[in-house]
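Notes for the one structure printed next.
Both backbone and side-chain heavy atoms feed into the values below; hydrogens, waters and symmetry mates do not. If you read the sequence from its start, that first residue is 1, and numbering goes on from there.
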Amino acid sequence: MSFAPLLNDTFLRACRRQATDYTPLWLMRQAGRYLPEYKATRAKAGSFMGLATNVDYATEVTLQPLERFPLDAAILFSDILTVPDAMGLGLSFAEGEGPRFAKVVRDEAAVAELAVPDMDKLRYVFDAVTSIRKALGGRVPLIGFSGSPWTLACYMVEGKGSDDYRQVKSLMYSRPDLMHKILSVNADSVATYLNAQIDAGAQAVMIFDSWGGVLADGMFQQFSLAYTERVLAQLKRTGVDGTDVPRIVFTKGGGIWLDDMKGIDCEVLGLDWTANLGKARAIVGGEVGGLGKALQGNIDPNVLFAPPEQIAVQARAVLDSFGKPHTDRATTGPSHIFNLGHGISQHTPPEHVAALVETVHNYSRQLRLSA
(Lines give C-alpha, C1' and ligand atoms only; values in the text may rest on other atoms or scores of the structure.)
Protein backbone atom coordinates (compact mmCIF):
# COMPACT_ATOMS: atom_id res chain seq x y z
CA MET A 1 0.00 0.00 0.00
CA SER A 2 1.47 3.35 -1.03
CA PHE A 3 0.20 6.84 -0.31
CA ALA A 4 1.14 10.33 -1.49
CA PRO A 5 4.10 11.93 0.30
CA LEU A 6 3.20 14.11 3.27
CA LEU A 7 3.12 17.82 2.46
CA ASN A 8 2.54 19.15 6.00
CA ASP A 9 4.26 17.17 8.76
CA THR A 10 4.04 19.89 11.44
CA PHE A 11 1.70 17.85 13.64
CA LEU A 12 3.90 14.75 13.50
CA ARG A 13 7.03 16.80 14.19
CA ALA A 14 5.38 18.27 17.29
CA CYS A 15 4.36 14.76 18.43
CA ARG A 16 8.04 13.78 18.22
CA ARG A 17 9.10 16.92 20.19
CA GLN A 18 10.85 18.28 17.11
CA ALA A 19 11.00 22.00 16.38
CA THR A 20 8.20 23.44 14.22
CA ASP A 21 7.65 26.83 12.56
CA TYR A 22 4.32 27.25 14.37
CA THR A 23 2.11 25.36 16.81
CA PRO A 24 0.04 22.78 14.89
CA LEU A 25 -3.68 22.59 15.57
CA TRP A 26 -6.51 20.12 15.17
CA LEU A 27 -9.80 19.79 17.07
CA MET A 28 -11.40 16.85 18.79
CA ARG A 29 -14.66 16.08 16.93
CA GLN A 30 -13.57 18.46 14.17
CA ALA A 31 -15.61 16.47 11.62
CA GLY A 32 -19.01 16.84 13.14
CA ARG A 33 -22.29 18.39 14.01
CA TYR A 34 -21.20 22.04 14.10
CA LEU A 35 -20.71 21.97 10.30
CA PRO A 36 -23.79 22.32 8.06
CA GLU A 37 -22.13 20.14 5.41
CA TYR A 38 -21.74 17.36 8.00
CA LYS A 39 -25.45 17.56 8.81
CA ALA A 40 -26.26 17.29 5.11
CA THR A 41 -24.10 14.18 4.71
CA ARG A 42 -25.55 12.63 7.86
CA ALA A 43 -29.05 13.21 6.52
CA LYS A 44 -28.09 11.32 3.36
CA ALA A 45 -26.67 8.48 5.47
CA GLY A 46 -29.87 8.24 7.53
CA SER A 47 -28.21 7.67 10.92
CA PHE A 48 -24.94 8.12 12.76
CA MET A 49 -23.94 4.49 12.30
CA GLY A 50 -25.08 4.67 8.68
CA LEU A 51 -22.55 7.47 8.32
CA ALA A 52 -19.75 5.78 10.28
CA THR A 53 -20.08 2.41 8.52
CA ASN A 54 -20.17 3.84 4.97
CA VAL A 55 -16.62 4.32 3.71
CA ASP A 56 -17.51 7.08 1.24
CA TYR A 57 -19.52 9.07 3.77
CA ALA A 58 -16.88 8.63 6.51
CA THR A 59 -14.23 9.86 4.08
CA GLU A 60 -16.36 12.81 3.03
CA VAL A 61 -17.02 14.08 6.57
CA THR A 62 -13.41 13.54 7.68
CA LEU A 63 -12.26 15.90 4.94
CA GLN A 64 -15.00 18.51 5.36
CA PRO A 65 -13.30 20.58 8.10
CA LEU A 66 -10.05 20.59 6.11
CA GLU A 67 -11.88 22.25 3.22
CA ARG A 68 -12.88 25.09 5.56
CA PHE A 69 -9.90 25.48 7.88
CA PRO A 70 -6.11 25.05 7.50
CA LEU A 71 -5.95 22.36 10.19
CA ASP A 72 -2.75 20.37 10.66
CA ALA A 73 -4.22 16.87 11.02
CA ALA A 74 -7.28 14.87 10.08
CA ILE A 75 -8.87 12.39 12.46
CA LEU A 76 -10.78 9.34 11.34
CA PHE A 77 -14.53 9.81 11.53
CA SER A 78 -15.81 6.96 13.69
CA ASP A 79 -17.00 6.34 17.25
CA ILE A 80 -15.17 5.14 20.35
CA LEU A 81 -17.78 2.38 20.85
CA THR A 82 -17.18 0.40 17.66
CA VAL A 83 -15.13 -2.21 19.56
CA PRO A 84 -17.81 -3.24 22.11
CA ASP A 85 -20.34 -3.16 19.27
CA ALA A 86 -18.16 -5.72 17.45
CA MET A 87 -18.21 -7.77 20.67
CA GLY A 88 -21.96 -8.21 20.10
CA LEU A 89 -23.36 -5.71 22.60
CA GLY A 90 -25.64 -4.06 20.04
CA LEU A 91 -24.78 -0.36 19.70
CA SER A 92 -27.46 2.11 18.66
CA PHE A 93 -27.84 5.89 18.66
CA ALA A 94 -31.27 7.30 19.53
CA GLU A 95 -31.80 10.86 18.29
CA GLY A 96 -30.92 13.28 21.09
CA GLU A 97 -30.04 10.47 23.51
CA GLY A 98 -26.51 9.40 22.65
CA PRO A 99 -25.18 5.84 22.40
CA ARG A 100 -26.90 2.85 23.98
CA PHE A 101 -26.10 -0.88 24.15
CA ALA A 102 -28.77 -3.57 23.85
CA LYS A 103 -26.74 -5.86 26.16
CA VAL A 104 -24.92 -4.81 29.33
CA VAL A 105 -21.97 -6.51 31.05
CA ARG A 106 -22.67 -6.72 34.79
CA ASP A 107 -22.29 -10.33 35.92
CA GLU A 108 -20.02 -13.36 35.61
CA ALA A 109 -21.94 -14.84 32.69
CA ALA A 110 -21.75 -11.66 30.64
CA VAL A 111 -18.05 -11.20 31.43
CA ALA A 112 -17.31 -14.81 30.50
CA GLU A 113 -18.74 -14.19 27.01
CA LEU A 114 -16.37 -11.31 26.27
CA ALA A 115 -13.53 -11.88 23.83
CA VAL A 116 -11.39 -9.87 21.45
CA PRO A 117 -13.74 -9.40 18.49
CA ASP A 118 -13.13 -10.61 14.95
CA MET A 119 -11.58 -7.55 13.31
CA ASP A 120 -13.43 -8.37 10.09
CA LYS A 121 -16.51 -6.97 11.85
CA LEU A 122 -14.66 -3.63 11.93
CA ARG A 123 -13.48 -3.80 8.33
CA TYR A 124 -15.52 -0.68 7.55
CA VAL A 125 -13.25 1.29 9.91
CA PHE A 126 -10.02 0.09 8.33
CA ASP A 127 -11.38 0.61 4.81
CA ALA A 128 -12.30 4.16 5.83
CA VAL A 129 -8.75 4.78 7.12
CA THR A 130 -7.26 3.72 3.79
CA SER A 131 -9.86 5.69 1.80
CA ILE A 132 -9.22 8.85 3.85
CA ARG A 133 -5.43 8.53 3.48
CA LYS A 134 -5.85 8.33 -0.29
CA ALA A 135 -8.32 11.23 -0.37
CA LEU A 136 -6.01 13.41 1.75
CA GLY A 137 -3.32 13.11 -0.90
CA GLY A 138 -0.63 13.88 1.68
CA ARG A 139 -2.23 17.20 2.70
CA VAL A 140 -1.96 16.45 6.45
CA PRO A 141 -1.46 13.32 8.59
CA LEU A 142 -4.35 11.06 9.58
CA ILE A 143 -5.00 10.16 13.22
CA GLY A 144 -6.68 6.87 14.15
CA PHE A 145 -8.23 6.36 17.57
CA SER A 146 -10.06 4.22 20.09
CA GLY A 147 -11.71 4.61 23.46
CA SER A 148 -9.57 3.48 26.39
CA PRO A 149 -10.23 0.12 28.08
CA TRP A 150 -11.74 1.89 31.11
CA THR A 151 -13.95 4.24 29.08
CA LEU A 152 -15.25 1.34 26.98
CA ALA A 153 -15.94 -0.63 30.17
CA CYS A 154 -18.00 2.27 31.54
CA TYR A 155 -20.33 2.15 28.56
CA MET A 156 -20.41 -1.66 28.54
CA VAL A 157 -21.45 -1.85 32.21
CA GLU A 158 -23.72 1.20 32.31
CA GLY A 159 -25.27 0.41 28.93
CA LYS A 160 -25.19 4.11 28.01
CA GLY A 161 -23.72 7.41 29.19
CA SER A 162 -23.95 8.07 32.91
CA ASP A 163 -24.11 10.96 35.38
CA ASP A 164 -23.05 9.02 38.48
CA TYR A 165 -21.21 5.91 37.14
CA ARG A 166 -23.09 3.91 39.75
CA GLN A 167 -23.20 0.58 37.92
CA VAL A 168 -19.59 0.51 36.77
CA LYS A 169 -18.18 1.73 40.08
CA SER A 170 -20.37 -0.70 42.02
CA LEU A 171 -18.96 -3.56 39.96
CA MET A 172 -15.40 -2.23 40.33
CA TYR A 173 -15.58 -2.00 44.11
CA SER A 174 -17.64 -5.15 44.78
CA ARG A 175 -16.15 -7.45 42.13
CA PRO A 176 -12.73 -6.08 41.13
CA ASP A 177 -11.91 -9.49 39.67
CA LEU A 178 -14.69 -9.12 37.08
CA MET A 179 -13.68 -5.56 36.28
CA HIS A 180 -10.09 -6.65 35.68
CA LYS A 181 -11.33 -9.36 33.30
CA ILE A 182 -13.40 -6.83 31.33
CA LEU A 183 -10.46 -4.44 31.16
CA SER A 184 -8.03 -7.16 30.07
CA VAL A 185 -10.24 -8.13 27.13
CA ASN A 186 -10.80 -4.46 26.30
CA ALA A 187 -7.08 -3.63 26.35
CA ASP A 188 -6.18 -6.48 24.03
CA SER A 189 -9.12 -5.57 21.76
CA VAL A 190 -8.12 -1.91 21.60
CA ALA A 191 -4.50 -2.80 20.81
CA THR A 192 -5.56 -5.15 18.00
CA TYR A 193 -7.98 -2.51 16.68
CA LEU A 194 -5.41 0.30 16.67
CA ASN A 195 -2.79 -1.93 15.06
CA ALA A 196 -5.25 -2.67 12.26
CA GLN A 197 -5.78 1.09 11.82
CA ILE A 198 -2.00 1.55 11.62
CA ASP A 199 -1.81 -1.21 8.99
CA ALA A 200 -4.58 0.57 7.05
CA GLY A 201 -2.65 3.84 6.98
CA ALA A 202 -3.10 5.74 10.26
CA GLN A 203 -0.06 7.95 10.90
CA ALA A 204 -0.72 8.56 14.62
CA VAL A 205 -3.13 6.93 17.08
CA MET A 206 -4.99 8.37 20.05
CA ILE A 207 -6.52 6.70 23.09
CA PHE A 208 -9.50 8.58 24.48
CA ASP A 209 -9.81 7.95 28.22
CA SER A 210 -12.88 10.16 28.35
CA TRP A 211 -14.09 8.83 31.70
CA GLY A 212 -10.75 8.26 33.45
CA GLY A 213 -11.17 11.42 35.48
CA VAL A 214 -14.26 10.11 37.31
CA LEU A 215 -12.12 7.61 39.23
CA ALA A 216 -10.74 8.06 42.73
CA ASP A 217 -7.01 8.45 43.18
CA GLY A 218 -5.54 4.95 43.36
CA MET A 219 -8.44 3.55 41.35
CA PHE A 220 -7.39 5.55 38.29
CA GLN A 221 -3.91 4.04 38.37
CA GLN A 222 -5.23 0.50 38.91
CA PHE A 223 -8.29 0.39 36.63
CA SER A 224 -7.53 2.94 33.91
CA LEU A 225 -3.86 3.80 33.56
CA ALA A 226 -2.60 0.22 33.94
CA TYR A 227 -4.80 -0.93 31.06
CA THR A 228 -3.93 2.04 28.85
CA GLU A 229 -0.31 0.97 29.40
CA ARG A 230 -1.25 -2.58 28.40
CA VAL A 231 -2.57 -1.18 25.10
CA LEU A 232 0.51 0.97 24.50
CA ALA A 233 2.86 -1.97 25.09
CA GLN A 234 1.22 -3.88 22.20
CA LEU A 235 1.05 -1.12 19.60
CA LYS A 236 3.04 -1.27 16.39
CA ARG A 237 5.74 1.35 16.27
CA THR A 238 6.03 1.59 12.49
CA GLY A 239 3.34 2.50 9.97
CA VAL A 240 2.85 1.38 6.39
CA ASP A 241 5.12 4.20 5.21
CA GLY A 242 7.99 2.86 7.28
CA THR A 243 7.83 5.84 9.66
CA ASP A 244 7.11 5.87 13.39
CA VAL A 245 3.51 6.20 14.60
CA PRO A 246 3.16 8.62 17.55
CA ARG A 247 0.78 7.59 20.34
CA ILE A 248 -1.42 10.15 22.10
CA VAL A 249 -3.16 9.49 25.45
CA PHE A 250 -5.94 11.86 26.53
CA THR A 251 -7.53 11.46 29.96
CA LYS A 252 -10.30 13.95 30.61
CA GLY A 253 -9.73 15.12 34.18
CA GLY A 254 -6.29 13.51 34.21
CA GLY A 255 -4.18 16.59 34.82
CA ILE A 256 -3.87 15.76 38.53
CA TRP A 257 -2.09 12.49 37.68
CA LEU A 258 0.68 13.82 35.43
CA ASP A 259 3.33 12.48 37.80
CA ASP A 260 1.87 9.00 37.32
CA MET A 261 1.56 9.44 33.56
CA LYS A 262 4.97 10.92 32.77
CA GLY A 263 6.57 7.47 32.56
CA ILE A 264 4.04 5.75 30.32
CA ASP A 265 5.15 4.60 26.87
CA CYS A 266 3.58 7.23 24.64
CA GLU A 267 4.77 10.36 22.86
CA VAL A 268 1.95 12.82 23.61
CA LEU A 269 -0.28 13.55 26.60
CA GLY A 270 -3.57 15.38 25.99
CA LEU A 271 -4.95 17.71 28.65
CA ASP A 272 -8.37 19.18 29.32
CA TRP A 273 -8.93 22.85 30.16
CA THR A 274 -8.56 22.35 33.93
CA ALA A 275 -4.82 21.74 33.60
CA ASN A 276 -2.17 24.45 33.42
CA LEU A 277 0.03 23.83 30.39
CA GLY A 278 3.07 25.53 31.91
CA LYS A 279 2.91 23.36 35.02
CA ALA A 280 2.32 20.26 32.87
CA ARG A 281 5.34 21.18 30.76
CA ALA A 282 7.45 21.40 33.89
CA ILE A 283 6.35 17.91 34.99
CA VAL A 284 6.38 15.96 31.71
CA GLY A 285 7.66 18.22 28.92
CA GLY A 286 11.35 17.51 29.46
CA GLU A 287 14.30 19.66 28.53
CA VAL A 288 15.86 20.51 25.17
CA GLY A 289 17.93 17.50 24.18
CA GLY A 290 16.32 15.35 26.87
CA LEU A 291 13.38 12.98 27.11
CA GLY A 292 9.82 14.10 27.74
CA LYS A 293 6.34 14.19 26.31
CA ALA A 294 4.69 16.53 23.85
CA LEU A 295 1.54 18.16 25.22
CA GLN A 296 -1.80 18.51 23.45
CA GLY A 297 -4.62 20.88 24.39
CA ASN A 298 -6.28 22.59 26.03
CA ILE A 299 -8.62 25.54 25.43
CA ASP A 300 -12.14 25.30 26.90
CA PRO A 301 -14.48 24.41 23.99
CA ASN A 302 -16.99 26.95 25.29
CA VAL A 303 -14.53 29.75 24.52
CA LEU A 304 -15.70 29.26 20.93
CA PHE A 305 -19.07 30.82 21.81
CA ALA A 306 -17.38 34.15 22.64
CA PRO A 307 -16.85 36.85 19.99
CA PRO A 308 -13.81 36.26 17.71
CA GLU A 309 -11.71 38.91 19.46
CA GLN A 310 -12.22 37.15 22.81
CA ILE A 311 -11.46 33.77 21.23
CA ALA A 312 -8.15 35.30 20.10
CA VAL A 313 -7.41 36.53 23.64
CA GLN A 314 -8.05 33.09 25.14
CA ALA A 315 -6.10 31.25 22.42
CA ARG A 316 -3.08 33.49 23.01
CA ALA A 317 -3.41 32.83 26.76
CA VAL A 318 -3.19 29.06 26.15
CA LEU A 319 -0.10 29.50 23.97
CA ASP A 320 1.46 31.81 26.56
CA SER A 321 0.69 29.25 29.27
CA PHE A 322 2.75 26.62 27.48
CA GLY A 323 5.48 29.17 26.78
CA LYS A 324 7.90 29.37 23.91
CA PRO A 325 8.47 25.98 22.29
CA HIS A 326 12.04 25.04 21.50
CA THR A 327 13.30 26.03 18.05
CA ASP A 328 16.50 23.99 17.67
CA ARG A 329 15.97 21.71 14.70
CA ALA A 330 19.09 19.72 15.59
CA THR A 331 17.50 18.22 18.71
CA THR A 332 14.23 17.52 20.52
CA GLY A 333 12.57 19.52 23.25
CA PRO A 334 9.26 20.71 24.74
CA SER A 335 6.54 20.91 22.09
CA HIS A 336 2.83 21.69 21.95
CA ILE A 337 -0.09 20.67 19.76
CA PHE A 338 -3.03 23.07 20.12
CA ASN A 339 -6.42 21.48 20.65
CA LEU A 340 -9.59 21.84 22.65
CA GLY A 341 -9.79 20.44 26.17
CA HIS A 342 -12.58 18.14 24.93
CA GLY A 343 -14.75 17.73 21.83
CA ILE A 344 -16.13 20.74 19.98
CA SER A 345 -19.77 21.56 20.74
CA GLN A 346 -22.34 21.01 18.00
CA HIS A 347 -23.57 24.59 18.55
CA THR A 348 -20.20 26.20 17.69
CA PRO A 349 -20.30 28.80 14.87
CA PRO A 350 -17.86 27.64 12.15
CA GLU A 351 -16.57 31.20 11.69
CA HIS A 352 -15.42 31.13 15.32
CA VAL A 353 -13.32 28.06 14.55
CA ALA A 354 -11.74 30.01 11.69
CA ALA A 355 -10.81 32.79 14.16
CA LEU A 356 -9.21 30.26 16.50
CA VAL A 357 -7.14 28.60 13.79
CA GLU A 358 -5.90 31.93 12.43
CA THR A 359 -4.92 33.18 15.90
CA VAL A 360 -3.08 29.99 16.87
CA HIS A 361 -1.07 29.83 13.65
CA ASN A 362 -0.18 33.53 13.59
CA TYR A 363 0.54 34.08 17.29
CA SER A 364 2.55 30.88 17.67
CA ARG A 365 4.82 32.02 14.81
CA GLN A 366 5.35 35.31 16.64
CA LEU A 367 6.22 33.46 19.87
CA ARG A 368 9.03 31.59 18.13
CA LEU A 369 10.51 34.82 16.82
CA SER A 370 10.44 36.56 20.19
CA ALA A 371 13.54 36.72 22.36
Side-chain angles (χ1 to χ4, degrees), residues 6-15 19-39 60-77 132 135-143 145 203-204 206 246 248 250 268 270-273 277 294-325 335-370:
L6 192 55
L7 303 174
N8 175 359
D9 68 347
T10 311
F11 163 75
L12 291 178
R13 289 183 63 84
C15 287
T20 58
D21 294 334
Y22 62 90
T23 299
L25 175 147
W26 69 277
L27 306 175
M28 288 187 272
R29 294 195 192 132
Q30 66 188 21
R33 297 177 293 173
Y34 71 106
L35 293 176
E37 54 268 41
Y38 167 88
K39 294 174 188 171
E60 186 178 316
V61 295
T62 298
L63 267 63
Q64 283 170 348
L66 298 170
E67 299 301 325
R68 276 187 181 257
F69 317 114
L71 298 161
D72 295 291
I75 184 164
L76 162 71
F77 180 81
I132 294 162
L136 281 169
R139 191 189 314 188
V140 293
L142 175 62
I143 305 166
F145 73 92
Q203 290 156 286
M206 181 159 167
I248 309 166
F250 170 67
V268 186
L271 296 167
D272 70 15
W273 60 89
L277 280 178
L295 292 174
Q296 179 174 279
N298 67 334
I299 200 166
D300 183 344
N302 286 326
V303 164
L304 292 172
F305 294 117
E309 57 270 21
Q310 288 305 121
I311 294 170
V313 168
Q314 295 299 323
R316 289 194 293 266
V318 170
L319 290 164
D320 285 338
S321 173
F322 180 83
K324 184 177 178 178
S335 62
H336 178 212
I337 299 150
F338 199 101
N339 208 315
L340 307 179
H342 198 47
I344 190 169
S345 165
Q346 62 177 311
H347 307 294
T348 304
E351 60 271 22
H352 288 194
V353 175
L356 176 72
V357 176
E358 182 180 7
T359 300
V360 170
H361 282 166
N362 290 342
Y363 186 65
S364 66
R365 285 182 190 275
Q366 293 172 30
L367 277 180
R368 283 159 172 78
L369 297 174
S370 62

Inset, instruction - Go through the steps for Phe11 and Val140 under the test side chain to side chain contact (heavy atoms under 4.5 Å, CB included), then give the verdict. - result: CA-CA 8 Å; Phe11 163 75; Val140 293; over 6 Å; no
Inset, instruction - Could you check Glu67 against Arg139 for salt bridge (Lys or Arg N to Asp or Glu O under 4.0 Å), going step by step and ending with a plain yes or no? - result: CA-CA 11 Å; Glu67 299 301 325; Arg139 191 189 314 188; 3.0 Å; yes
Legend entry - Working for side chain to side chain contact (heavy atoms under 4.5 Å, CB included), residues Leu277 and His336: CA-CA 9 Å; Leu277 280 178; His336 178 212; 3.6 Å; yes
Inset, instruction - Please test Leu12 against Leu6 for side chain to side chain contact (heavy atoms under 4.5 Å, CB included), starting from the C-alpha separation and ending with a verdict. - result: CA-CA 10 Å; Leu12 291 178; Leu6 192 55; 3.6 Å; yes
Inset, instruction - Take Phe322 and Phe338 through the test ring pair (Phe, Tyr, Trp, His ring centres under 6.0 Å) and record every step on the way to the result. - result: CA-CA 10 Å; Phe322 180 83; Phe338 199 101; over 10 Å; no
Legend entry - Verdict with reasoning, Leu367 to Leu319, per side chain to side chain contact (heavy atoms under 4.5 Å, CB included): CA-CA 9 Å; Leu367 277 180; Leu319 290 164; 3.9 Å; yes
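Side-chain contact of Tyr22 with Asn362: a donor-acceptor pair under 3.5 Å is absent, judged by distance alone. When only modelled atom types and interatomic distance are considered, Arg365 and Thr23 share no side-chain donor-acceptor pair under 3.5 Å. Between the side chains of Asp72 and Asn8, at least one donor N or O sits under 3.5 Å from an acceptor N or O.
Proximity of Val268 to Leu295: side-chain heavy atoms (C-beta onward) are nowhere separated by under 4.5 Å. Using a 4.5 Å cut-off on side-chain heavy atoms (C-beta onward), Gln296 and Ile248 make contact. The side-chain heavy atoms of Trp273 and Val318, taken from C-beta on, include no pair separated by under 4.5 Å. The side-chain heavy atoms of Ile299 and Gln314, taken from C-beta on, include a pair separated by under 4.5 Å. Side-chain contact check for Leu63 versus Leu136: some heavy-atom pair is nearer than 4.5 Å. Between Ile311 and Thr359, every side-chain heavy-atom pair lies at or beyond the 4.5 Å cut-off. Residues Ile344 and Gln30 are not in side-chain contact: their nearest non-hydrogen atoms beyond the backbone lie 4.5 Å or more apart. With contacts defined as side-chain heavy-atom distances shorter than 4.5 Å, the pair Pro141/Asp9 does not qualify.
Annotation for Leu27 and Val353: closest pair CD1-CG1, 3.6 Å, computed over non-hydrogen atoms. Across all their heavy atoms, Ala14 and Thr20 have their closest contact at N-CG2, 3.9 Å. Cys15 and Ala294 get closest at one heavy-atom pair: O-CB, 3.8 Å. Nearest heavy-atom pair across Asp272 and Gly341 is CB-O, 3.2 Å. Between Pro349 and Phe305, the shortest heavy-atom distance links the atoms CD-CD2, 4.2 Å. Of all heavy-atom pairs spanning Gly137 and Leu7, the tightest one is O-CD1, 4.3 Å.
Residue Trp26 forms a side chain to side chain contact (heavy atoms under 4.5 Å, CB included) with just one option from Ile75, Leu340, Val357, Leu66, and that option is Ile75.
Proximity of a side-chain donor or acceptor of Thr348 to a complementary backbone N or O of Tyr34 within less than 3.5 Å is not detected. Side-chain N or O atoms of Ser321 include none that pairs as donor or acceptor with a backbone N or O of Ala317 at under 3.5 Å. Checking side-chain atoms of Asn339 against main-chain N and O of Met28 turns up a donor-acceptor pair under 3.5 Å. Listed for the Arg68 side chain is no donor-acceptor partner under 3.5 Å among the backbone atoms of Gln64.
To the nearest 0.5 Å, atoms NE2 (His347) and CG (Asn302) are separated by 10.0 Å. The distance from atom CZ of Arg33 to atom OG of Ser345, rounded to the nearest 0.5 Å, is 7.5 Å. In this structure, CG in Asp21 is found 8.0 Å from CZ in Arg13, a value given to the nearest 0.5 Å.
Residue Glu358 qualifies as open at atom CD: its count of foreign heavy atoms under 6.0 Å is 12 or below.
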